[in-house]
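Following: one structure in structure tokens, then a few remarks.
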Amino acid sequence: MEQQKLNPTLVYVLAILGLLCCCFGGLGFILSGIAFFIAQSKLKEAKLNPENFDVSSIKAMDTAKIVALVILIINLLYFVMTIYRISTVGWDEIMRQSQEMMEQMQNQ
């Protein structure tokens with residue numbers, strides 16, 4: 001019987017998109033969370049029937065899961081920091097500061 005291969009490409013793509021979305025207040029936790037969940041479920045399936053899966057593809061998926069987890073943690077920390085900043089400084093003040101920075105950049 002031919003061994004199945006786990007393809008970690010989707011997990012990597014979602015995780016990297018999640019990292020890019022970290023700039024939007026940590027909202028990349030959605031994509032990186034999905035990536036982590038996909039990797040976790042595929043690895044669980046492979047561990048139930050290890051003889052059906054290629055060992056190198058299991059290692060590749062495990063690496064993709066770790067990447068997704070790290071990016072998920074970064075996003076969650078940034079999301080918590082954003083919520084904290086909004087609750088302490090206030091949305092209006094954050095928008096005012098952003099506007100000032102944009103004006104300074106235009107004047108340079």
Side-chain angles (χ1 to χ4, degrees):
M1 186 171 126
E2 188 175 322
Q3 291 186 326
Q4 298 177 3
K5 292 188 182 241
L6 295 175
N7 189 355
T9 305
L10 178 63
V11 174
Y12 280 121
V13 168
L14 288 172
I16 298 304
L17 287 174
L19 182 62
L20 295 175
C21 291
C22 184
C23 302
F24 302 112
L27 293 178
F29 76 86
I30 298 168
L31 294 174
S32 55
I34 293 169
F36 180 76
F37 177 76
I38 290 171
Q40 184 76 4
S41 62
K42 294 285 186 182
L43 285 170
K44 195 178 289 184
E45 179 185 333
K47 286 186 176 138
L48 289 175
N49 300 309
E51 66 279 351
N52 295 344
F53 292 92
D54 182 38
V55 175
S56 64
S57 70
I58 292 174
K59 289 180 181 178
M61 185 60 81
D62 197 41
T63 303
K65 180 182 125 182
I66 292 168
V67 169
L69 179 63
V70 169
I71 294 172
L72 178 63
I73 291 169
I74 291 169
N75 272 287
L76 287 175
L77 289 173
Y78 197 79
F79 184 72
V80 169
M81 184 184 80
T82 301
I83 297 295
Y84 175 77
R85 190 165 171 236
I86 290 171
S87 66
T88 57
V89 175
W91 183 256
D92 293 335
E93 180 63 21
I94 292 171
M95 289 294 106
R96 189 189 65 71
Q97 290 173 358
S98 296
Q99 186 67 33
E100 283 180 7
M101 285 192 294
M102 295 293 266
E103 289 171 2
Q104 287 176 357
M105 289 174 63
Q106 287 178 348
N107 293 334
Q108 289 181 352

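Quick note: numbers below take in every heavy atom, side chains included, and nothing from hydrogens, waters or symmetry partners.
Atom NZ of Lys44 and atom NZ of Lys42 lie 13.5 Å apart (nearest 0.5 Å). Atoms CE and OG, from Met61 and Ser41 in turn, are 8.0 Å apart once rounded to the nearest 0.5 Å. If you take CD1 on Ile73 and CG on Leu76, they are separated by 8.0 Å, rounding to the nearest 0.5 Å. Atom CD of residue Gln3 and atom CG of residue Asp54 lie 5.5 Å apart, to the nearest 0.5 angstrom. Annotation: the span from Arg96 atom CZ to Gln99 atom CD amounts to 10.5 Å, rounded to 0.5 Å.
Annotation: side-chain contact (heavy atoms from CB on, under 4.5 Å) contacts of Ala46 (sequence neighbours excluded): Leu6, Phe53, Ile58. Legend: residues meeting side-chain contact (heavy atoms from CB on, under 4.5 Å) with Thr82, ordered by chain and number and at least two apart, are Tyr78, Ile86.
Taken together through direct or relayed side-chain contacts under 4.5 Å among Ile, Leu, Val, Met, Phe, Trp and Tyr, Val89 and Met95 form part of one hydrophobic cluster. Cluster membership for Val11 and Ile71, using ILVMFWY side-chain heavy atoms within less than 4.5 angstrom, is not shared. Taking hydrophobic clusters as Ile, Leu, Val, Met, Phe, Trp and Tyr residues chained together by side-chain heavy-atom distances below 4.5 Å, Leu72 does not share a cluster with Met81.
Looking at Glu93 and Gln97, their side chains do bring a donor and an acceptor atom within 3.5 Å of each other.
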Could you list the donor-acceptor pairs under 3.5 angstrom formed between side-chain atoms of residues 13-40 and any protein atom two or more places apart in sequence or on another chain?
| residue | atom | partner | partner atom | Å |
| --- | --- | --- | --- | --- |
| Ser32 | OG | Gly28 | O | 2.9 |
| Gln40 | OE1 | Lys65 | NZ | 3.1 |

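The neighbour count for Met105 CE, taken as heavy atoms of other residues, nucleotides or ligands under 6.0 Å away, does not exceed 12.
Looking at heavy atoms from C-beta onward, Phe79 lies out of side-chain contact with Asn75 at the 4.5 angstrom threshold. Contact of the Ile94 side chain with the Arg85 side chain is registered, since non-hydrogen atoms from C-beta on lie closer than 4.5 Å.
Judged purely by atom type and a 3.5 angstrom limit, Asn7 uses its side chain to pair as donor or acceptor with the backbone of Thr9.
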